[in-house]
Amino acid sequence: MQDKVAEQILDGKDKTDGRLDPPELTCYRLKRNPPLIVPGGSERRWMDETVQRFAYRCTPLSIANASGWEILTPCAFSATWNGDPAPKGVTLQSPDNEHVRFARSHFGEGIITFEPGYLFRTNSGWAVWVRGTPNLVKDGIAPLDGLVETDWLPMSFTMNWRFTRPGTVQFEAGEPFCFITLVPHAQLDSVGPRLASLDEDPDLKAAYVAWSQSRKAFLAQLAAGEPETLKQGWQRHYIRGEGPDLNGQPSYHLTRRRLKMPQQD
């Protein structure tokens, strides 16, 4: 019975037959001066402080950092949780109580609720993944993720953070409290992961074995203090979009992402 109802619902919608149009994102302001939205940046202070900034050698890390848009805190405020699960257990403080425009204790359980200040809309099949900024750790509190069906929803959503223990945290003015990125929501259910043996793909297996041997040899030379290896410092196969026995170049490869600022109307 449930399957038949679901089928009837789908019959009333536009069917994508497995294909989605390129994503579109519109941010409708819900107040005169909502929090600022900016493209996510690839840099992180903790990454800057690693020895020789080695964290930036991990291209997937910095690409993830910049694969969405940040919503910034309009003013500095502090938040304290005394361990009480009731909403009153969390108290917020800011100069002139400016925080009340966008942050409050609503749900209890040590949760701070933020109002992004926008109604987000995407085209059919696309959704907004709402989360904290990737690879940006805040001690004592953690962001909660949500996947919002913004292709039909006529309502706004909230961004929530949950204390990991009783205590006080500080949010600075201009600090991101929300990170949004787009996902092909309508297609995810059709993905069927398959476990396989590398023997099924001899070319891929050969490339993996060559890379593995190259990596092992490089690390051994590095540990032995081989001058040329020390000069290289690290292998750059990924950042160059190349690898041992890799035929041709990747069809799509990024070493740095720069998303667009929202356009003003």
Side-chain angles (χ1 to χ4, degrees), residues 27 34-51 53-118 120 128-148 156-183 257-259 261-262:
C27 315
L36 186 64
I37 301 179
V38 299
S42 60
E43 294 80 15
R44 298 287 181 268
R45 178 178 296 179
W46 71 265
M47 295 174 67
D48 294 337
E49 293 172 350
T50 55
V51 178
R53 291 164 52 91
F54 76 84
Y56 290 105
R57 299 174 185 177
C58 180
T59 302
L61 198 69
S62 57
I63 290 292
N65 292 347
S67 292
W69 291 264
E70 297 174 336
I71 307 178
L72 307 183
T73 306
C75 71
F77 73 94
S78 64
T80 300
W81 183 40
N82 63 11
D84 186 344
K88 66 180 181 180
V90 173
T91 56
L92 309 179
Q93 291 184 320
S94 64
D96 300 321
N97 285 327
E98 292 182 81
H99 68 272
V100 300
R101 297 186 293 116
F102 64 94
R104 67 186 189 278
S105 175
H106 175 66
F107 293 111
E109 303 296 338
I111 293 173
I112 302 174
T113 296
F114 290 84
E115 296 282 353
Y118 299 88
F120 294 96
V128 167
W129 195 302
V130 186
R131 55 163 301 171
T133 295
N135 302 311
L136 186 62
V137 179
K138 197 169 185 66
D139 185 42
I141 197 167
L144 304 180
D145 287 35
L147 186 65
V148 184
S156 59
F157 58 80
T158 60
M159 172 65 198
N160 298 286
W161 290 64
R162 188 174 189 274
F163 279 89
T164 57
R165 61 181 182 273
T168 298
V169 297
Q170 179 76 22
F171 282 85
E172 303 296 342
E175 178 180 344
F177 69 83
C178 182
F179 185 91
I180 61 172
T181 193
L182 303 187
V183 292
R257 166 156 278 151
R258 296 180 179 87
L259 298 184
M261 279 288 294

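These numbers come from the heavy atoms of this one structure, side chains and all, not from hydrogens, waters or symmetry mates. Bear in mind that the values here come from a model prediction, so they are computed numbers and not experimental data.
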What closest approach, in Å, do Leu259 and Gly68 show between heavy atoms, and which atom pair accounts for it? CD1-N, 3.2 Å
Would you say the side chain of Pro143 lies within less than 4.5 Å of the side chain of Arg131, judging by non-hydrogen atoms? no
Rounded distance (nearest 0.5 Å) linking atom CG of Leu182 with atom CD1 of Ile180: 7.0 Å
Tightest non-hydrogen contact, residues Met159 and Gly132, listed as CE-N, 3.7 Å
Can you check whether Thr91's main-chain N or O pairs, donor with acceptor, with Thr80's side chain at less than 3.5 Å? no
Within the 4.5 Å heavy-atom criterion, are Phe177 and Pro35 side-chain neighbours or not? yes
Evaluate side chain to side chain contact (heavy atoms under 4.5 Å, CB included) for Ile37 paired with Glu70, printing each intermediate quantity in order. CA-CA 6 Å; Ile37 301 179; Glu70 297 174 336; over 6 Å; no
Take Phe114 and Phe171, measure what ring pair (Phe, Tyr, Trp, His ring centres under 6.0 Å) needs, and give me the verdict at the end. CA-CA 12 Å; Phe114 290 84; Phe171 282 85; 5.4 Å; yes
Atom pair CG/OG1 of Leu61 and Thr59 - distance to nearest 0.5 Å: 9.5 Å
Heavy atoms of Thr181 and Ser67 approach each other most closely as OG1-O, 2.7 Å
Would you sort out whether Asn65 and Arg44 count as a side chain to side chain contact (heavy atoms under 4.5 Å, CB included), showing the intermediate values? CA-CA 8 Å; Asn65 292 347; Arg44 298 287 181 268; 3.3 Å; yes
Glu175 side, atom CD; Leu72 side, atom CG - distance, nearest 0.5 Å: 9.5 Å
Distance check, rounded to the nearest 0.5 Å: Cys75 atom SG versus Glu172 atom CD? 10.5 Å
With salt bridge (Lys or Arg N to Asp or Glu O under 4.0 Å) as the rule and sequence neighbours excluded, what pairs involving residues 93-102 come up? none
Given 3.5 Å as the limit, does a donor-acceptor pair link the side chain of Trp46 with the main chain of Ala55, or not? no
Before you tell me yes or no, could you show the steps for Thr113 and Asn160 under side-chain hydrogen bond (donor to acceptor under 3.5 Å, both in side chains), namely the whole-Å CA-CA distance, both residues' side-chain angles and the distance that decides it to 0.1 Å? CA-CA 5 Å; Thr113 296; Asn160 298 286; 2.7 Å; yes
Checking the side chain of Thr164 only, and the main-chain atoms of Gly140 only, is there a donor and an acceptor separated by less than 3.5 Å? yes
Straight-line distance of Thr168 OG1 to Trp81 CH2, nearest 0.5 Å: 12.5 Å
Judged by atom type as modelled, is there a donor-acceptor pair below 3.5 Å linking the side chain of Lys138 to the main-chain atoms of Gln170? yes
Do the non-hydrogen side-chain atoms of Arg162 and Val90 ever get within less than 4.5 Å of each other? no
Set out, in order, the CA-CA distance, both residues' side-chain angles and the distance that settles side chain to side chain contact (heavy atoms under 4.5 Å, CB included) for Val130 and Cys178, then state yes or no. CA-CA 7 Å; Val130 186; Cys178 182; 3.6 Å; yes
Polar side-chain atom of Ser94 near backbone of His99 as donor-acceptor pair, under 3.5 Å: yes
Heavy atoms only: give me the nearest Glu115-Arg104 pair and the separation to one decimal. OE2-NH1, 2.8 Å
Atom pair CZ (Phe77) and CG (Asn97), whose distance is rounded to the nearest 0.5 Å: 12.0 Å
pair His106-Thr158: side-chain heavy atoms closer than 4.5 Å: no
Listed once per pair and sorted, the salt bridge (Lys or Arg N to Asp or Glu O under 4.0 Å) pairs that draw on residues 72-86, sequence neighbours left out: none
Donor-acceptor check, side chain of Tyr56 to backbone of Glu43, threshold 3.5 angstrom: yes or no? no
Which atoms form the tightest heavy-atom contact between Ala76 and Pro95, and what is the distance? O-CD, 3.9 Å
Considering non-hydrogen atoms only, spot the tightest contact between Phe120 and Ile71 and give its length. CZ-CD1, 4.0 Å
